[in-house]
Amino acid sequence: MCGRFAVKSSLEQLKKDFGAEESENSDLSSVSLPSFNIAPGSDILILVFEGLRKFKKAKWGLVPSWSKEPKTPYSMINARAESLAEKPSFSLPFRKRRCAVIADGYFEWKKEGKEKIPYYIYAKNGKSSAFAGIFDIWSGEDEKTIMSVAIITIEAQNETRFIHNRMPAFLGQKDIDMWIDNSSYNREALESVFEKNRETTLAFHRVTKKINSPAFNLPECIEPAEKEN
DNA sequence: CCAGACGTTGTT
DNA sequence: GTCTGG
DNA sequence: CCAGACGTTGTT
DNA sequence: GTCTGG
């Protein structure tokens with residue numbers, strides 16, 4: 001799965017890397033960048049297509065538009081690729097509200113008995129990367145609206161399966177435009193993105209347990225670390 | 001038809 | 001155990 | 001995802 | 001909104 005991730009570039013750098021501008025109707029001031037330890041519930045940076053590539057913010061943890069309250073008892077931080085088209089909460093976002101979640105890599109905890117060992121896993125090829133995401137927009141009474149997002153997960157590659165059996169779906173630069181273009185919906189073409197993840201070369205290493213606390217947010221989060229006690 | 005749920009992960 | 005906050 | 005808190009009443 | 005269960 002993917003319950004924590006990192007973005008190591010500044011907003012200015014990301015604008016260049018992705019050829020995107022800030023959306024006029026999204027306030028990015030609550031999105032912290034770079035951020036080496038991003039937890040569910042945070043405001044994160046997503047890339048959408050509105051004629052041009054635009055950056056917007058979204059709360060990580062999907063809140064469907066029909067929710068009574070702008071939260072779910074158990075936040076939907078991930079969405080299984082295999083069930084995107086079928087699940088009521090995901091089908092509409094999958095057809096009309098796809099986005100890219102700006103991310104360099106993610107954290108995963110490998111369980112060894114009672115111990116949990118954190119790893120950082122990232123795409124080795126390419127500079128900046130992103131995950132496939134779906135978003136939704138929740139509207140309350142007043143003017144309040146909340147844009148929220150879920151990260152799509154797929155089977156983990158063989159190389160990382162020993163850590164965990166699920167991983168986020170990476171979007172190569174070539175896949176991004178097709179994925180975020182919500183003017184058309186071609187299920188097979190979209191799902192081919194998940195297959196291509198077989199070719200994404202991943203690298204990984206152990207990191208410090210300090211990342212367990214979301215409050216620890218320094219470059220050290222994604223640096224290789226030795227065994228700890 | 002209406003009412004009620006709508007999720008992932010891991011663990012048992 | 002279970003929920004909230006980060 | 002993990003870490004950390006979790007409650008009422010009355011009195012100061 | 002959309003699907004499932006009764």
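Every chain is numbered from 1, with letters handed out A, B, ... down the list of sequences. Remember, it's a predicted structure, so these values are computed and weren't measured experimentally.
- When heavy atoms are screened at a 4.0 angstrom cut-off, A:N37 is found touching no nucleic acid atom at all.
- Pairs engaging residues 96-107 of chain A under the side chain to side chain donor-acceptor pair (under 3.5 Å) rule: A:R97-A:D136 [sequence neighbours left out].
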Distances under 3.5 Å between nitrogen or oxygen atoms of protein and nucleotides 1-5 of chain E:
unit_1: E:dG1; atom_1: N3; unit_2: A:W66; atom_2: NE1; d: 3.4

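- Contacts of A:S42 with the nucleic acid, taken as non-hydrogen atoms under 4.0 Å apart, are absent.
- Here A:R166 reaches the OP1 or OP2 of B:dT9: one of its side-chain N or O atoms lies under 4.0 Å away.
- For A:A100, the side-chain contact (heavy atoms from CB on, under 4.5 Å) partners are A:L47, A:A130, A:L171, A:I180, not counting sequence neighbours.
- Listed by chain and number, the residues in a ring pair (Phe, Tyr, Trp, His ring centres under 6.0 Å) with A:F90 amount to none (sequence neighbours excluded).
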### Structure string for DNA chain E in dot-bracket form, Watson-Crick and G-U at under 3.5 Å, | interchain
||||||
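- Contact annotation for A:F90: backbone-only contact, meaning every heavy-atom pair under 4.0 Å involves sugar-phosphate atoms and none involves a base.
- Remark: A:F135 engages no residue in a ring pair (Phe, Tyr, Trp, His ring centres under 6.0 Å) (not counting sequence neighbours).
- Remark: A:K59 pairs with no residue by the side-chain hydrogen bond (donor to acceptor under 3.5 Å, both in side chains) rule, at least two apart or across chains.
- A:K209 has no side-chain polar atom (N or O) that falls below the 4.0 Å cut-off from OP1 or OP2 of D:dC2.
- At least one side-chain nitrogen or oxygen of A:T153 sits closer than 4.0 Å to the OP1 or OP2 atom of B:dT9.
- Within the structure, salt bridge (Lys or Arg N to Asp or Glu O under 4.0 Å) contacts touching residues 34-46 of chain A (residues at least two apart or in different chains) do not occur.
- Residues in residues 179-207 of chain A take part in these salt bridge (Lys or Arg N to Asp or Glu O under 4.0 Å) pairs, two or more places apart or across chains: A:E86-A:R187, A:D175-A:K196, A:R187-A:E191.
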